[in-house]
2 protein chains.
Amino acid sequence: MANEKTRGRLTAGDWARAALTAIGDGGIAAVAVEPIAARLGATKGSFYWHFANRDALVEAALRLWEQQHTEAVIARVEEEPDARARIRRLFLDVTTGGTEAVENRIEVALLAAAAHPLVAPAVGRVTERRIAYVADLYEELGVPPAPARRHALLAFTTWMGHTQLVHAAPGVLPTGEDASAYLDFVLDSLVDTGERS
Amino acid sequence: MANEKTRGRLTAGDWARAALTAIGDGGIAAVAVEPIAARLGATKGSFYWHFANRDALVEAALRLWEQQHTEAVIARVEEEPDARARIRRLFLDVTTGGTEAVENRIEVALLAAAAHPLVAPAVGRVTERRIAYVADLYEELGVPPAPARRHALLAFTTWMGHTQLVHAAPGVLPTGEDASAYLDFVLDSLVDTGERS
DNA sequence: CCATCCCCGTACGGTACCGTATGGAAACGA
DNA sequence: TCGTTTCCATACGGTACCGTACGGGGATGG
C-alpha cells in the first residue's frame with residue numbers, strides 16, 4: 001500500500017500524514033522516525049532532510065489534525081440549513097464511522113497526551129474552538145449566550161464521553177436498531193434547551 | 001521522598017503502586033522497569049525477583065486500579081442514603097480533586113490504551129461494572145430497567161467526557177462560583193429521568 | 001555462631017530509537 | 001550535455017530500556 005502517488009520522493013506532508021496515522025495507532029510515543037520511515041518505504045535520510053528533528057514532525061502532525069479535524073468538520077456541518085439539524089449532524093458525523101474510526105483514535109490519543117508540551121496548546125485551541133462553535137449553534141436556536149455556553153459545554157462533554165466509550169468499550173453500547181434509538185435519546189436530551197423550566 | 005515505609009526491602013505491592021503512578025504520569029509506555037526502580041531507590045535486580053517481566057508489572061498495576069478505582073468509589077457512594085444523592089455524590093467525588101487529580105490522569109491514560117491487550121479486558125470490566133451500578137441507581141429511583149440503562153449510559157458518558165475535559169482543557173470550564181452552578185446544571189440534566197414526557 | 005534462604009546490586013548482551021555525517025543518484029536549468 | 005540543486009540511503013555513535021547471570025549481604029532459625 002504505502003504511498004502510491006509521488007512514488008519515490010516524499011514530501012513533508014507525506015511524513016506529517018504518516019505521523020498523524022501513527023498517533024492514531026499508538027499515541028504520541030508512536031511518532032518514531034525509523035518505524036514511520038519503514039512504513040513509507042524510506043529511511044531516516046529522507047526524514048532529516050524535510051524536518052529538523054522528531055518534535056518538528058509531531059508539530060506538523062498536530063497542525064494537520066488541528067486543521068482537518070476541526071475546521072473541516074465544522075465546514076461540513078455548516079452545510080445543514082437548520083441549527084437544530086446541525087447539532088444532530090455534529091453527533092452523527094462523529095458517531096458514524098464505527099468503532100475503528102481513525103478519527104476517534106486520534107482524538108483519544110491526543111486527549112490522553114494533553115500534558116505533552118507540544119500537544120497541550122493544540123488540544124486547547126481545538127477544544128475552545130469547538131465549544132464556541134456549538135455555543136453559536138445554541139444561540140441560533142434562540143438561547144441567550146450564558147446558557148448557550150452551558151449547553152455547549154454539556155454537549156461537548158457528552159460528545160467526548162461518547163467518543164471515549166465507543167473507543168474503550170463498544171460492547172456496552174446498544175447495537176443494531178437500538179443504537180440509533182439511543183442516539184436519538186442522547187440528542188433529544190441535548191437539544192432540549194430548557195423549554196420546560 | 002521515594003518510599004519511606006518498609007525502608008530498604010520492597011514488596012510486589014510497592015512496585016505495583018509505583019507502576020500505577022507511572023501510568024498516571026506517562027501512560028502505559030511509562031511503565032518502564034529501570035525508571036521505576038530509580039524512583040523507588042532500587043535497581044532491576046529487585047524487580048526481576050518479584051516479577052517475571054514487564055507485562056506482569058502492568059497486570060499488577062491494572063489489578064490494583066480495577067480494585068481501587070471501582071469498588072472503592074462505589075463503596076463510598078453507597079454511604080449516601082438516597083439514590084438521588086448517590087448520583088450527585090458520584091459526580092462530586094470525581095469532579096472534586098481538581099485538575100491534577102491522579103485518579104483522573106490514570107483513567108485518561110488507560111482509556112487511551114484500551115487497544116492494549118492487557119488493558120482492554122480491565123477497562124471493559126470496569127466500564128460495564130460502573131454502568132451497571134449507575135443503572136441500579138436509576139432503578140432505585142423508580143425507572144424501569146431499559147430506560148435506566150439508557151440513562152446510565154448517558155450519565156457515564158457525561159462523566160467520562162467531563163473527566164476528559166477537566167484533564168485536557170480545564171480552562172474552558174467555569175471557575176469559582178460558576179463551577180458549582182454548572183455542575184448543578186449537569187446533574188439536573190442527568191437526574192431528570194423524563195418526568196416531563 | 002553458623003548455615004540457609006531471601007532479597008537485591010552489578011555487569012553484561014541485545015534491541016530500538018535519535019541524530020549526524022557523507023556520498024551519491026535523480027531531477028533540473030542553462 | 002553538464003553543472004547544480006534536490007532528495008535520499010548508508011553508516012556511525014550515543015542513549016534508554018529489557019531481560020539474564022551471578023555474586024553478595026542481611027535476616028533468620030538452629
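Below, each value reflects all heavy atoms present in this structure, side chains not excepted, and no hydrogens, waters or symmetry copies. Keep in mind that what you see is a predicted model, and the values were worked out from it rather than measured.
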Under 3.5 Å, is there a donor on one side chain and an acceptor on the other for B/Glu78 and B/Tyr133? yes

Using whole Å, what does the distance between atom P of nucleotide D/dT15 and atom CZ of A/Arg54 come to? 18 Å

Could you run through nucleotides 6-13 of chain D and give me one letter per nucleotide, 5' to 3': B if any protein heavy atom sits under 4.0 Å from the base, S if only the sugar-phosphate is that close, - if neither? BBBBBB--

In terms of ring plane angle, is the pair A/Phe156 and A/Trp159 parallel, tilted or perpendicular, where the classes change at 30° and 60°? parallel

Just say parallel, tilted or perpendicular for the rings of B/Trp65 and B/His69, cut-offs at 30° and 60°. tilted

Atom CD of A/Gln164 and atom OG1 of B/Thr127: how far apart are they, to the nearest 0.5 Å? 10.0 Å

Parallel, tilted or perpendicular for A/Phe185 and B/His151, by the 30°/60° rule? perpendicular

Whole angstroms only, please: what is the CG-C1' distance between B/Leu57 and D/dC18? 13 Å

